[in-house]
Every structure is written in structure tokens, then in C-alpha cells.
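Below: one structure, written as C-alpha cells.
Quick note on labels: first sequence line is chain A, next is B, and so on, each numbered from 1. Side-chain atoms are counted along with the backbone in the values below, which use heavy atoms only and exclude waters and symmetry mates.
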Amino acid sequence: MLTVPYLRDQKEEALKRLSIKNFNNTALVDEILMMDEERRQAQQENDETLAEMNNIAKEIGILFKSGQAGQADALKNRNIALKDKSKTLSERINNLKDNIQAKLVEIPNVPHLTVPRGRVAADNEIVATAGTMPHLIEGAQPHWDLISRFDLVDFDLGNKVTGAGFPFYKGKGARLQRALINFFLDEAIAAGYLEVQPPLLVNEASAYGTGQLPDKEAQMYTANLDNLYLIPTAEVPITNMYRDVIIQEGDLPVKNVAYSNCFRREAGSWGKHVRGLNRLHQFDKVEIVQLSHPSNSYEVLEEMRAHVAGLLNKLELPYRVLKLCGGDMSFASALTYDFEVFSAAQEMWLEVSSVSNFESFQANRMKLRIKEKTGQIQLAHTLNGSALALPRIVAALLENNQTADGILIPKVLQSYTGFAKIE
RNA sequence: GGAGAGGUGGGUGAGUGGCUGAAACCAACAGUUUGCUAAACUGUCGUACUCUUACCGGGUACCGGGGGUUCGAAUCCCCCCCUCUCCGCCA
């Protein structure tokens with residue numbers, strides 16, 4: 001959520017940037033600013049009224065103490081009248097605040113100036129391509145066929161026990177996935193991230209804090225009896241650790257990494273895009289989160305981007321990096337890089353990571369602030385990225401590394417899997 | 001699930017109607033002293049909104065959340081939330 005002072009002080013700049021996200025509702029911004037003006041006037045009047053009431057109450061106290069209680073009646077009446085006035089003003093202020101808040105959450109984050117204009121995925125800018133495209137063998141199979149051939153993942157069993165999108169991983173399939181998780185965690189720890197194992201269910205306040213609520217409620221599974229939500233990503237619990245927190249400048253940067261299951265209800269499309277491991281209701285992901293000072297959050301973003309690139313390099317997967325265009329970015333992001341690996345047999349680019357700088361958009365909503373050495377307090381910047389999302393990595397590894405007699409495991413993983421080939 | 005206790009500033013914790021935005025101690029920060037470290041001493045030390053604004057300063061609100069009583073509420077009343085302890089169940 002943007003702050004009112006920002007809109008007030010830098011309205012033109014904000015609107016200019018918002019147009020990159022195809023947000024052109026100038027009237028909404030004006031309405032917010034008008035309501036805020038009104039709110040401040042009412043606030044001031046109310047504060048003055050309350051100040052007078054406080055003074056009168058003190059005078060009454062003194063009269064009582066000195067045994068002149070009889071003289072207090074006039075003052076009491078005066079205060080009763082003021083109380084009425086204050087009540088009216090308070091109600092107006094609260095109404096205005098609520099309305100401002102309601103309008104404010106409709107405005108997306110302002111994108112970074114380098115974000116390309118555009119409406120759809122095709123408008124995203126390819127900023128890097130790396131790795132070598134595999135030469136597939138004759139008769140190469142998509143991962144869903146490889147999976148059943150080597151009995152790595154059982155979708156039917158998942159259907160029986162839970163439902164579509166909840167597969168069982170078995171044998172070397174399970175082992176490969178666990179190896180990847182450990183590899184990703186170790187890499188993050190080596191890069192200075194603190195490992196955290198978060199709860200997989202969060203309360204309403206947390207879901208609101210990272211912006212799943214109120215809009216994206218349908219994305220999450222709920223535990224209705226207890227008013228809890230299954231997390232769609234570890235970003236939710238991890239970022240919420242710092243809700244209502246003021247971080248000392250000296251404690252920055254804060255770097256956390258978490259492995260978690262992720263649960264998503266989104267009833268996707270059908271066909272190739274959701275086939276096999278391409279899209280699931282429950283999947284595994286290692287997520288990196290950083291809190292940074294506003295002055296260097298874009299350096300941090302690049303550092304995180306480099307970290308993710310390093311993982312894919314080590315896994316020897318061909319990938320490309322996209323800078324998302326205004327229309328394709330998320331509501332809360334100021335700049336997002338998507339990483340896509342090429343899954344050779346299905347000939348598709350699969351998104352395996354999304355690295356974003358939210359600037360102070362989430363921090364404002366969560367009241368996550370930094371206290372500088374000078375004592376100044378300001379909103380922190382939050383950043384996060386997948387490092388990485390598991391199932392699609394598995395899909396690409398299986399497809400790209402298949403040979404006539406089995407699937408080769410990348411060298412870097414072999415100490416984690418304990419085998420070099422699936423056959 | 002049953003019974004009880006409790007939620008106060010970064011922490012511990014005092015405070016049962018006006019002198020309390022809140023004692024004291026600890027932590028933190030700044031300074032003095034010291035050859036360094038430590039110790040000691042002195043000072044600073046909540047957040048938000050708002051006015052004024054270079055700064056200083058002023059006003060208001062906030063003692064889990066919401067509502068009420070009162071001229072006046074951390075303190076009294078009502079509702080809700082949360083935490084802890086004991087019992088039960090249980091990985």
C-alpha cells in the first residue's frame with residue numbers, strides 16, 4: 001500500500017509511474033488527497049477540543065480537592081457539550097480514514113522507472129539468457145511419461161488420497177526432490193541467509209500483511225474452524241515475522257531463507273500447461289527474503305537475482321531472465337525478474353522463480369520500519385524470490401537430462417541424491 | 001476439551017479514578033574518566049497523527065482490541081482476542 005504523504009508530495013511522479021502499470025485513475029488519487037485534507041482539518045479541530053476538555057477536567061479536579069465542588073457544575077456542563085462535539089468529529093475522522101484506506105488499497109505499487117510498458121507476458125523484456133540447450137535423444141519423452149516410466153511420482157495415488165494436484169513422490173523421485181531442497185538451502189545459507197522453518201498456516205492478520213487478503217482470498221486454502229490459512233508461499237510467514245517491528249539500522253540486512261510446502265487453490269487452465277508437475281495445488285519451494293534499507297534495495301535485488309542465476313548455472317539448466325512489464329507484474333511489486341527454465345521435451349519455458357523488490361509497499365501495510373542511527377524512522381524495503389520452486393525444476397531436469405537408458409543427475413546434486421542416474 | 005491466572009514502554013516490572021505517557025531496574029545510545037577492554041559516573045532513551053517547521057517546540061491519541069460509565073479511566077463495567085499454568089488427549 002502506498003502512503004498518503006507520498007501521494008501528496010509526489011503526485012505527478014506517482015501517476016507517471018503508475019501509468020506504466022496501466023493504472024491511470026487520477027480521480028482516485030485526487031479523491032484520496034481531498035479526503036486526507038479534510039481529515040487533517042477535522043483532526044486538528046478535534047485535538048483542540050480534546051485539549052480544552054483535558055484542561056477543564058483538571059480544573060474540576062482542583063476544585064474538588066480544595067473543597068469547592070459546588071463551583072464545578074458550570075465546567076462539567078461545558079465539558080459535556082465539548083464531548084458531543086468531539087464525538088461527532090471523531091466519527092467523521094474515522095469515516096475518512098476508513099475511506100482513504102479503502103481507496104488506497106486499490107492503487108498498485110509504483111513500478112521502478114526501468115519497468116517496460118506492456119500489457120501481457122509477451123511484452124516482458126528478456127534481459128538474460130544462459131545455459132546450453134540440450135540435444136534430446138530420439139524419442140525423448142515429456143516428464144510425465146518419464147515419471148511413470150521410472151515410477152518417480154504417482155498422480156493417481158494423489159487423486160485417490162487427496163485430489164488432483166496433490167501427487168505422491170516416490171523412491172528416487174522423492175529423493176531427487178529432497179536433494180534439491182537441501183542443495184538450495186545450503187546454497188542460501190552459504191550466501192548468508194538464516195534458515196527458518198515457518199508455520200504452514202497463518203492467521204488473518206498475516207494474510208493481510210502480505211496482501212493475500214482481502215483480495216486474493218480465493219488463492220488460499222482455509223482452515224475455517226480455526227480461522228487460519230494455508231500458506232501459498234513461505235513469503236507470508238517469513239515476511240510477517242517482521243510485522244509491526246522496528247529494525248535497528250545496524251541489524252540490516254536481514255536475510256532469511258525458508259523451505260516450505262506451498263498450497264494454492266488457483267484452478268488453473270487445463271492441458272499442457274498444467275500437465276504433470278507444471279502446476280500443482282501443493283508444491284515445495286525454497287524462498288529467500290531480504291529486508292533492506294531503501295537506499296540500497298536495488299543492489300539487494302541484483303544480489304538475489306545473481307543468487308538464483310547461480311543455482312540454475314550449477315544445475316546446468318538453460319534459462320532466461322525476464323524483466324516483467326507493467327501489465328504482467330504483481331500488484332505489490334516495483335520490479336520483478338522472472339526466471340524461466342527451458343523444459344526441452346515439452347518445449348516450454350517454465351517459470352521457476354520470481355524475484356521482486358516491493359520497496360515499501362508491503363512494509364507500509366505491515367508497519368515494518370527501520371530506525372536509523374540518527375533516530376529517524378522510515379519504512380523498510382522488502383524483497384523476496386524463489387530459490388527455487390521445486391516441481392518445475394524436477395520436470396526440466398528429467399526432460400533435459402534423459403538418455404536412452406536413464407536420466408542423468410547433475411554433478412552438484414549427486415552428493416545429495418546418492419545416485420548419479422535414474423534408471 | 002475442562003479448570004485457573006494473566007495481558008503495561010526493547011526486557012523485567014510498579015501502578016485500583018485526577019499529582020501517570022506512565023516509577024524503578026536492566027538493555028540500548030551519547031559523553032566523561034581510564035594506556036586498551038572492563039567498571040564507574042552523567043545525560044538521552046516509546047510510537048502514531050497533527051500544528052509550526054531548517055531546527056527547537058506545541059497539541060492529541062495509544063497501557064491486548066472494541067464499546068460503555070465519569071467533568072476526568074492503565075485503573076470501574078461489558079464484549080472479543082491472545083498468552084501462560086494444571087488436568088485430559090496426543091506426534
Side-chain angles (χ1 to χ4, degrees), chain A residues 1-9 32-104 197 199-209 213-214 222-229 237 240-252 254 261 291 360 363-380:
Chain A
M1 171 171 77
L2 297 175
T3 67
V4 174
Y6 169 74
L7 290 175
R8 199 195 300 148
D9 299 340
I32 289 170
L33 293 180
M34 267 171 54
M35 286 194 293
D36 184 57
E37 182 66 34
E38 202 183 329
R39 188 212 107 233
R40 276 146 72 206
Q41 275 177 26
Q43 177 97 52
Q44 205 190 337
E45 199 181 335
N46 192 35
D47 284 357
E48 281 163 11
T49 308
L50 289 169
E52 190 181 347
M53 287 169 67
N54 286 341
N55 284 330
I56 290 174
K58 268 179 204 148
E59 283 176 46
I60 293 171
I62 292 165
L63 287 177
F64 269 83
K65 284 252 159 77
S66 59
Q68 299 171 277
Q71 294 177 32
D73 284 355
L75 290 174
K76 283 192 188 179
N77 287 334
R78 169 76 181 145
N79 246 12
I80 290 169
L82 287 174
K83 196 174 175 178
D84 247 25
K85 182 182 174 190
S86 167
K87 195 172 179 182
T88 310
L89 284 168
S90 301
E91 275 166 13
R92 203 163 106 216
I93 292 166
N94 285 334
N95 271 333
L96 286 164
K97 277 186 180 170
D98 289 349
N99 286 336
I100 290 168
Q101 171 82 9
K103 304 277 183 209
L104 215 46
Q197 289 187 9
L200 303 180
L201 288 93
V202 295
N203 59 28
E204 220 170 306
S206 296
Y208 181 84
L213 294 180
T222 56
N224 285 327
L225 274 182
D226 299 290
N227 236 313
L228 297 173
Y229 299 84
N240 271 286
M241 294 197 293
Y242 303 95
R243 171 154 48 85
D244 292 317
V245 167
I246 298 179
I247 297 171
Q248 300 296 322
E249 188 183 3
D251 292 336
L252 292 173
V254 172
N261 304 112
L291 312 181
S360 60
N364 182 41
R365 187 178 266 242
M366 282 201 281
K367 300 282 169 285
L368 160 54
R369 289 159 295 173
I370 293 171
K371 188 169 202 169
E372 313 217 329
K373 298 205 175 82
T374 60
Q376 270 234 328
I377 288 176
Q378 62 177 318
L379 293 170

Checklist entry - Applying side chain to side chain donor-acceptor pair (under 3.5 Å), which residue pairs with at least one partner in residues 76-86 of chain A are found, sequence neighbours left out? => result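 Non-adjacent pairs meeting side chain to side chain donor-acceptor pair (under 3.5 Å): N46(A)-S86(A), E52(A)-R78(A).
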
Item to check | Contacts of R39(A) that satisfy salt bridge (Lys or Arg N to Asp or Glu O under 4.0 Å) - sequence neighbours left out | outcome: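 Per chain and number, R39(A) pairs via salt bridge (Lys or Arg N to Asp or Glu O under 4.0 Å) with D36(A).
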
Next on the checklist: Applying salt bridge (Lys or Arg N to Asp or Glu O under 4.0 Å), can you list everything that pairs with K103(A), at least two apart in sequence or on another chain?
Outcome noted: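 K103(A) satisfies salt bridge (Lys or Arg N to Asp or Glu O under 4.0 Å) with E31(A) once adjacent residues are dropped.
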
Across all strands shown, which nucleotide pairs with [N] by Watson-Crick or G-U wobble geometry, both distances under 3.5 Å?
N	value
U70(B)	none
C84(B)	G4(B)
A38(B)	none
C62(B)	G46(B)

Checklist entry - Does atom NZ of K58(A) have more than 12 heavy-atom neighbours, drawn from other residues, nucleotides or ligands, at distances under 6.0 Å? => result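 Count not over threshold, so no.
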
[atom1] of [X] versus [atom2] of [N]: gap in Å, rounded?
X	N	atom1	atom2	result
E45(A)	G59(B)	CD	C1'	14 Å
D244(A)	G9(B)	CG	P	13 Å
D73(A)	G72(B)	CG	P	14 Å
N203(A)	G64(B)	CG	C1'	14 Å
E249(A)	G10(B)	CD	C1'	18 Å
L63(A)	C71(B)	CG	P	14 Å
Y208(A)	C81(B)	OH	C1'	19 Å
D251(A)	C29(B)	CG	P	11 Å

Euclidean distance for [atom1], [N] against [M] (whole angstrom):
N	M	atom1	result
A23(B)	U16(B)	P	15 Å
G31(B)	U85(B)	P	43 Å
C62(B)	G21(B)	C1'	9 Å
G57(B)	U52(B)	C1'	8 Å
A40(B)	C76(B)	P	39 Å
C63(B)	G6(B)	C1'	14 Å
U75(B)	G15(B)	P	15 Å
G46(B)	G10(B)	P	9 Å

Measure the spacing between [atom1] of [X] and [atom2] of [Y] and express it to the nearest 0.5 Å.
X	Y	atom1	atom2	result
Q376(A)	E249(A)	CD	CD	10.5 Å
Q378(A)	I370(A)	CD	CD1	6.0 Å
L104(A)	R365(A)	CG	CZ	9.5 Å

Checklist entry - In residues 51-61 of chain A, which residues come under 4.0 Å of RNA chain B by heavy atom? => result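 RNA chain B contact set from residues 51-61 of chain A: A51(A), N54(A), A57(A), I60(A), G61(A).
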
Checklist entry - Any donor and acceptor pair, going by atom type alone, linking the side chain of S360(A) with main-chain N or O of A363(A) inside 3.5 Å? => result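 It does not hold such a pair.
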
Checklist entry - Are D226(A) and L201(A) side-chain neighbours, meaning at least one heavy-atom pair lies under 4.5 Å? => result no

Checklist entry - Starting at the 5' end of RNA chain B, which residue's closest nucleotide do you reach first, N79(A) or N94(A)? => result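 It is N94(A), whose closest nucleotide lies nearer the 5' terminus.
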
Next on the checklist: I'd like to compare against my own output: the B/S/- annotation of nucleotides 45-52 of chain B with a strict under-4.0 Å heavy-atom distance to protein.
Outcome noted: -SSSSSS-

Checklist entry - At under 4.0 Å between heavy atoms, what does L82(A) touch on the DNA or RNA strands: base, sugar-phosphate, or nothing? => result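 It contacts nothing in the nucleic acid.
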
Checklist entry - Sequence neighbours excluded, which residues qualify as side chain to side chain contact (heavy atoms under 4.5 Å, CB included) partners of E48(A)? => result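 Per chain and number, E48(A) pairs via side chain to side chain contact (heavy atoms under 4.5 Å, CB included) with Q44(A).
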
